[in-house]
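Note that these values count all heavy atoms, side chains included, but never hydrogens, waters or copies made by symmetry.
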Amino acid sequence: MDKTMSMQDRPLVVLGEALLDLLVPRPGVPLAEAEALHPRLGGAPANVAVQAARLGAPVELLTAVGDDPFADRLLGELGREGVNHGHVVRRQGHRTGLTFVQVDEDAERHFFPWRDNAADQTLAAREVPAAVVQGASLFHRGTVSLCAPAVREATRAAVARARDAEVPVSLDVNLRFGMFKDRDELIALAQEAVRTADVVKATVEEAHVLCGPVTEQDVIDRWLADGVRLVMLTRGPDGAVLATPNTQVEVPAPAVRVVDATGAGDAFVGAMLAQLRRHGSLDVDATQLETMGRFACECGAAAVTALGATTAMKRAALPPV
């Protein structure tokens, strides 16, 4: 990282899948009975990028999409959200990833990915601009980008470049077992990813998958001992716990009517990264961490109030910290 520039001068860089979610327009109607499907922005990294951009952060997205009308729609919407997609690769002969989403009456989601020959899985290391990664305020990735050899190599190369440049690396564990042929492989890859991250977000359930039947505190202590500088465990409607080597806080989630839970975690992550970038450091005290966590939970709660991951994501000024 260029020491003459602070995190506040640099964009947030996000690597990973940008998809279109095709949703049944009314919760509770199964896909088998749907007469229409509504396209919405999707893909956890892209959702994170949208939330951060809505909160005023400059955001650069790195991924690959197909050379098809779905890509035109996807990139158009990302651009309107303020997400810079100038380095997104358009891949001929591959499709833009689609995910069919069925939402139950209780807002629980069921994902049916249509990702054969999807472009995002072909992103190559040489297509990830080193200068963009090394010039980031923070570099964020998930684990879906580890499901295919090409994009796995690209992701690992980007993480290495970020760490060499002292750019903090953020990870959303985001376990999607349907994207991997082998459950144990995904767990091993996710555990490896945690050990190379400075910021880690996971649901409590995901943390237990990676760490076994231990307490939340055991997970936090283990990951901090592994070198993680900020651990964020989300608890759904019960808020979140956030911990650094020096402090730990619990924050509540606002009570809202949940329509579609798809984007809650992505909004939480996007809000935290936007705040950390604006703060200019991962070094936060208890008061700052609580303020950030509360706002991130508010963003997560807002996202679940409408159909689609990004539809209801918050647009607001970041709280002072």
Side-chain angles (χ1 to χ4, degrees), residues 1-7 9-18 43-46 48-49 52 57-64 84-89 91 119-176 179-180 185-202 210 222-232 244-245 269 272-273 276-277 280-283:
M1 178 183 290
D2 182 350
K3 302 301 183 181
T4 66
M5 297 179 66
S6 72
M7 284 176 63
D9 300 317
R10 295 164 171 266
L12 168 65
V13 175
V14 178
L15 184 149
E17 67 278 9
V48 169
V59 184
E60 182 85 45
L61 180 64
L62 304 176
T63 191
N84 187 346
H85 53 78
H87 294 285
V88 170
V89 176
R91 184 80 75 215
D120 64 278
Q121 298 179 42
T122 71
L123 184 70
R126 67 180 183 280
E127 295 172 317
V128 177
V132 172
V133 174
Q134 293 167 344
S137 57
L138 300 107
F139 173 75
H140 176 73
R141 41 74 68 96
T143 57
V144 171
S145 62
L146 301 173
C147 69
V151 70
R152 183 185 307 162
E153 179 184 354
T155 302
R156 286 172 169 167
V159 169
R161 288 168 180 162
R163 296 188 70 83
D164 286 346
E166 300 181 16
V167 172
V169 174
S170 167
L171 169 71
D172 183 358
V173 172
N174 192 34
L175 299 178
R176 292 289 178 263
M179 296 296 300
F180 289 76
E185 178 190 33
L186 171 53
I187 292 173
L189 289 168
Q191 290 170 333
E192 173 193 320
V194 168
R195 292 191 291 270
T196 62
D198 299 288
V199 178
V200 175
K201 178 267 178 186
L210 297 191
R222 181 181 303 182
W223 286 353
L224 290 176
D226 285 342
V228 179
R229 297 169 61 189
L230 173 58
V231 176
M232 306 182 293
T244 73
V269 174
M272 283 299 302
L273 296 181
L276 289 168
R277 176 193 168 275
S281 170
L282 300 186
D283 296 325

Going from [atom1] on [X] to [atom2] on [Y], what distance comes out if it is rounded to the nearest 0.5 angstrom?
X: M272; Y: K201; atom1: CE; atom2: NZ; value: 12.0 Å
X: M7; Y: L276; atom1: CE; atom2: CG; value: 6.0 Å
X: E192; Y: L210; atom1: CD; atom2: CG; value: 12.5 Å
X: M179; Y: L186; atom1: CE; atom2: CG; value: 10.5 Å
X: L123; Y: Q121; atom1: CG; atom2: CD; value: 11.0 Å

How about [X] and [Y]: do any of their side-chain heavy atoms sit closer than 4.5 Å?
X: S170; Y: L273; value: yes
X: L15; Y: V13; value: no
X: T143; Y: L189; value: no
X: L171; Y: R141; value: yes

Review point. Can you name the residues that form a salt bridge (charged side-chain N to carboxylate O under 4.0 Å, His left out) with E185, not counting sequence neighbours?
Key: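 E185 satisfies salt bridge (charged side-chain N to carboxylate O under 4.0 Å, His left out) with R152 only.
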
Smallest separation among heavy atoms of [X] and [Y], with atom names:
X: D198; Y: V228; result: O-CG1, 3.5 Å
X: L62; Y: H87; result: CD2-CB, 3.7 Å
X: R10; Y: A136; result: CD-O, 3.6 Å
X: E60; Y: V132; result: CG-CG1, 3.7 Å
X: A158; Y: F139; result: CB-CZ, 3.5 Å
X: A52; Y: L12; result: CB-CD2, 3.7 Å

Check your understanding: Is T63 reaching over with its side chain to a backbone N or O of V88, donor-acceptor style, under 3.5 angstrom?
Key ->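 Not a single qualifying donor-acceptor pair exists.
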
Exercise for review: Would you confirm whether R163, through its side chain, and V169, through its main-chain N or O, come within 3.5 Å as a donor-acceptor pair?
Suggested key: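 No; zero donor-acceptor contacts below 3.5 Å.
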
Exercise for review: Begin from the C-alpha positions of V151 and D120 and carry the test side chain to side chain contact (heavy atoms under 4.5 Å, CB included) through to its verdict.
Suggested key: CA-CA 7 Å; V151 70; D120 64 278; 6.0 Å; no

Practice item. Give the C-alpha distance, both sets of side-chain angles, the deciding distance and a yes or no for salt bridge (charged side-chain N to carboxylate O under 4.0 Å, His left out) between E127 and R91. Key: CA-CA 11 Å; E127 295 172 317; R91 184 80 75 215; 2.7 Å; yes

Check your understanding: So T244 and L282, side chain to side chain contact (heavy atoms under 4.5 Å, CB included) or not? Walk me through it.
Key -> CA-CA 9 Å; T244 73; L282 300 186; over 6 Å; no

Practice item. Begin from the C-alpha positions of D283 and R229 and carry the test salt bridge (charged side-chain N to carboxylate O under 4.0 Å, His left out) through to its verdict. Key: CA-CA 8 Å; D283 296 325; R229 297 169 61 189; 3.8 Å; yes

Check your understanding: Please walk me through it: do V128 and V133 pass side chain to side chain contact (heavy atoms under 4.5 Å, CB included)?
Key -> CA-CA 8 Å; V128 177; V133 174; 3.7 Å; yes

